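Notes follow the structure.
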Amino acid sequence: ASETTDAITLTPTEAGDLLVGLYNANAFQRTTLFRGAPGIGKTSFVRAAAAKLGIDYIEVNPTMPADEVGGIPDLIREAGKPTRTDYAMPNWFPMDPNTKAILCLDDALQGDKLMQQTLANLIQARNLRGHPLPKGVMIVATGNRVEDDAGVTRMLSHLADRMTICHVEPDTQSWIDNFALPNGVDERIIAYVTQYPDELNDFNAKAEKCATSRTWEAVSGR
């Protein structure tokens, strides 16, 4: 069964516009999780929203080793002697309190339970190992669904409770107008997808290969 049955459904363009609106309204204390099939442009519209806002884009992939996301224990020394421990922060974590950015937890649900617990604390407390996240940083998560057979594990209940889930569905005309044409996708591909709009995203979790927005972009040679 799908985990997004009751979620709000948006196109990639609508989802990107939502992020811009939330950021401009300073209404991003709650993290939004955008879920959908592989290859439909979830990461791309988050990155595009940051560019439209003129702020930094920071991407973290929770499938990396835990200490690369959560930091590692580090000795604090006084007078040359170790006195206590802190955590050495990962290089992606913004330490400048004036940072303005979208922090994208990309493929957030492919991490194990320990990683999900780390993300839950980051999302709820907006700090990592006691180091506060700058007020101008919006946290956004992306991910596939369990039924997509894309390596996703079922979300821990307390993590799900801390996020607003939006389901992202592909939209052919939106892809043509807001991605393909502005980014120089081959006109032959645009013509084909215009004539056969259902062919843009024909994802099947049981198939070895299928058409998605991402694969059409790759065929175009961009």
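Counting begins at 1 with the first residue of the sequence. Fair warning: this is a prediction, and the values are worked out from it, not measured in the lab.
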Q: Give every residue pair that meets the salt bridge (charged side-chain N to carboxylate O under 4.0 Å, His left out) criterion with at least one member in residues 155-167, sequence neighbours excluded.
A: none

Q: Any chance you could measure Q29, atom CD, to L22, atom CG, to the nearest 0.5 Å?
A: 11.5 Å

(Q) So L103 and Y57, do their side chains get closer than 4.5 Å, heavy atoms only? (A) no

Q. Looking at I55, I58, I139, which one forms a side chain to side chain contact (heavy atoms under 4.5 Å, CB included) with I102?
A. I55

Q: Name all pairs fulfilling the salt bridge (charged side-chain N to carboxylate O under 4.0 Å, His left out) condition that reach into residues 39-50, sequence neighbours left out, sorted by first residue then second.
A: R47-E59

**Q.** Set of ring pair (Phe, Tyr, Trp, His ring centres under 6.0 Å) partners for F93, sequence neighbours left out
**A.** none

Q: Output yes when a side-chain donor or acceptor of N144 lies under 3.5 Å from a complementary backbone atom of G36, and no otherwise.
A: yes

Q: Using the side chain to side chain donor-acceptor pair (under 3.5 Å) rule, take Q173 and D177 through it: C-alpha gap first, then chi angles, then the decisive distance, then the call.
A: CA-CA 6 Å; Q173 195 59 51; D177 293 341; 3.0 Å; yes

Q | Flag, side chain of Y23 to backbone of G136, donor-acceptor distance under 3.5 Å | A | yes

Q: Compare every heavy atom of P134 with every heavy atom of T99, then report the nearest pair and how far apart it is.
A: O-CB, 3.9 Å

Q. Centres of the F45 and F179 rings: under 6.0 Å?
A. no

Q) Does CD belonging to E199 count more than 12 external heavy atoms closer than 6.0 Å? A) yes

Q | Polar side-chain atom of S174 near backbone of D171 as donor-acceptor pair, under 3.5 Å | A | no

Q) Of all heavy-atom pairs between G16 and A49, which one has the smallest distance, and what is that distance? A) O-CB, 3.9 Å

Q) Donor-acceptor pair, R30 side chain versus M163 backbone, under 3.5 Å? A) yes

Q) Taking the side chain from H167 and the backbone from R35, do they hold a donor-acceptor pair closer than 3.5 Å? A) yes

